[in-house]
Amino acid sequence: QVQIVESGGGLVQPGGSLRLSCTMSGRIFESYIMAWFRQAPGKEREFVAVIGQRPGVTDYTDSVKGRFTISRDNAKRSVYLQMNNLKPEDEAVYYCAARPVRSVYTIITHLRSTGDYDYWGQGTQVTVSS
């Protein structure tokens, strides 16, 4: 049974920073591709960032490139989202998602849909307001 728990959300002023954390238990963490999604009120859940098994393989949605950084620590079974220069439009509930690696040919830049992921956390609220 996979369990995913996010933390680190909160209230931040525009231009500020937050670091979200996500810890996964129940399976071999190194065998999973991890991602962050977000959902604002009245909107669909959208892709934010993904990281492959190897820490250096990442992809981002255009609106966060240069501001957000996804990283992982396999020893701690954790993935992180460092968010800098936050904007009001970044306000949302942020979800961590996991997908087991099914093929060595998987291209993580293709994994941007909610249906691409098998496991989800409960979400953590990020509020950007002055």
Side-chain angles (χ1 to χ4, degrees):
Q1 183 76 14
V2 172
Q3 290 186 323
I4 294 175
V5 179
E6 304 99 333
S7 62
L11 172 64
V12 63
Q13 292 184 346
S17 298
L18 279 177
R19 187 192 192 212
L20 305 183
S21 299
C22 164
T23 301
M24 190 184 95
S25 61
R27 291 290 188 273
I28 301 173
F29 183 71
E30 295 87 336
S31 298
Y32 281 74
I33 295 167
M34 303 298 295
W36 288 96
F37 284 72
R38 66 187 180 187
Q39 187 168 18
K43 295 187 177 181
E44 293 187 353
R45 195 170 298 187
E46 66 172 0
F47 168 79
V48 176
V50 60
I51 186 165
Q53 290 175 281
R54 296 185 298 277
V57 182
T58 59
D59 189 36
Y60 300 88
T61 191
D62 286 346
S63 63
V64 308
K65 284 181 180 177
R67 300 188 298 122
F68 291 11
T69 302
I70 188 171
S71 61
R72 67 187 293 162
D73 184 336
N74 287 342
K76 294 183 178 180
R77 306 174 62 86
S78 295
V79 63
Y80 309 98
L81 187 68
Q82 177 66 44
M83 305 185 294
N84 298 328
N85 190 22
L86 281 158
K87 303 176 180 181
E89 52 263 41
D90 295 318
E91 182 168 310
V93 177
Y94 283 70
Y95 296 91
C96 181
R99 167 194 171 97
V101 176
R102 297 184 173 91
S103 168
V104 297
Y105 302 109
T106 298
I107 302 173
I108 69 163
T109 55
H110 293 178
L111 302 177
R112 293 186 166 212
S113 298
T114 56
D116 293 325
Y117 295 86
D118 298 73
Y119 304 101
W120 294 83
Q122 294 297 315
T124 185
Q125 175 71 45
V126 172
T127 302
V128 184
S129 176
S130 54

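Throughout, numbering of the chain's residues begins at 1 and tracks the sequence.
- Side-chain contact between Trp36 and Cys96 is present, with at least one heavy-atom pair separated by less than 4.5 Å.
- Scanning all heavy atoms of the two residues, the minimum distance from Asp73 to Phe29 falls at O-CE2, 4.1 Å.
- By the criterion of side-chain heavy atoms lying less than 4.5 angstrom apart, applied directly or through intervening Ile, Leu, Val, Met, Phe, Trp or Tyr residues, Tyr80 is not grouped with Ile4; the two fall into different hydrophobic clusters.
- The shortest distance between side-chain heavy atoms of Val48 and Val64 falls below 4.5 Å.
- Side-chain atoms of Arg27 never come within 3.5 Å of backbone atoms of Val2 as a donor-acceptor pair (strictly under, hydrogens ignored).
- Around CG of Leu11, the count of heavy atoms belonging to other residues, nucleotides or ligands within 6.0 Å exceeds 12.
- Residue pairs meeting the salt bridge (charged side-chain N to carboxylate O under 4.0 Å, His left out) criterion with at least one partner in residues 121-130, sequence neighbours excluded, are absent.
- Between Phe37 and the choices Trp120, Tyr95, Tyr94, the ring pair (Phe, Tyr, Trp, His ring centres under 6.0 Å) rule is met once, by Trp120.
- A continuous path of hydrophobic side-chain contacts links Val57 to Val101 [ILVMFWY only; heavy atoms under 4.5 Å].
- Considering all non-hydrogen atoms of both residues, Gln53 and Ser31 come closest at NE2-CA, 3.8 Å.
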Enumerate donor-acceptor pairs with a distance under 3.5 Å from any side-chain N or O in residues 12-23 to protein atoms, sequence neighbours excluded.
{"unit_1": "Ser17", "atom_1": "OG", "unit_2": "Asn84", "atom_2": "OD1", "d": "2.9"}
{"unit_1": "Thr23", "atom_1": "OG1", "unit_2": "Ser78", "atom_2": "OG", "d": "3.2"}

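- Closest approach of Ile108 and Val50 over heavy atoms only: O-CG1, 3.8 Å.
- The line from CE of Met83 to CG of Asp90 is 7.5 Å long, rounded to the nearest 0.5 Å.
- Under the side-chain hydrogen bond (donor to acceptor under 3.5 Å, both in side chains) criterion, Lys65 pairs with Asp62, not counting sequence neighbours.
- Of the candidates Glu91, Glu46, Glu44, Glu46 is the only one forming a salt bridge (Lys or Arg N to Asp or Glu O under 4.0 Å) with Arg38.
- To the nearest 0.5 Å, atoms CD (Glu30) and CZ (Arg72) are separated by 7.5 Å.
- Evaluation of the side-chain hydrogen bond (donor to acceptor under 3.5 Å, both in side chains) test over residues 108-118, restricted to residues two or more places apart or in two chains, returns Asp59-Arg112, Arg102-Asp118.
- For the atom pair CE of Met34 and CG of Leu81, the computed distance is 12.0 Å after rounding to the nearest 0.5 Å.
- In this structure, Gly26 and Arg77 approach most closely via the heavy-atom pair N-NH2, 3.4 Å.
- Here Arg45 pairs with Gln39 under the side-chain hydrogen bond (donor to acceptor under 3.5 Å, both in side chains) rule; sequence neighbours left out.
- For Phe68, there are no ring pair (Phe, Tyr, Trp, His ring centres under 6.0 Å) partners two or more places apart in sequence or in a different chain.
- Ile51 CD1 to Leu111 CG: the interatomic distance, rounded to the nearest 0.5 Å, is 13.0 Å.
- Under the 30°/60° scheme for interplanar angles, the aromatic rings of Tyr119 and Tyr32 are found to be tilted.
- At least one donor-acceptor pair under 3.5 Å links the side chain of Glu6 to the backbone N or O of Gln122.
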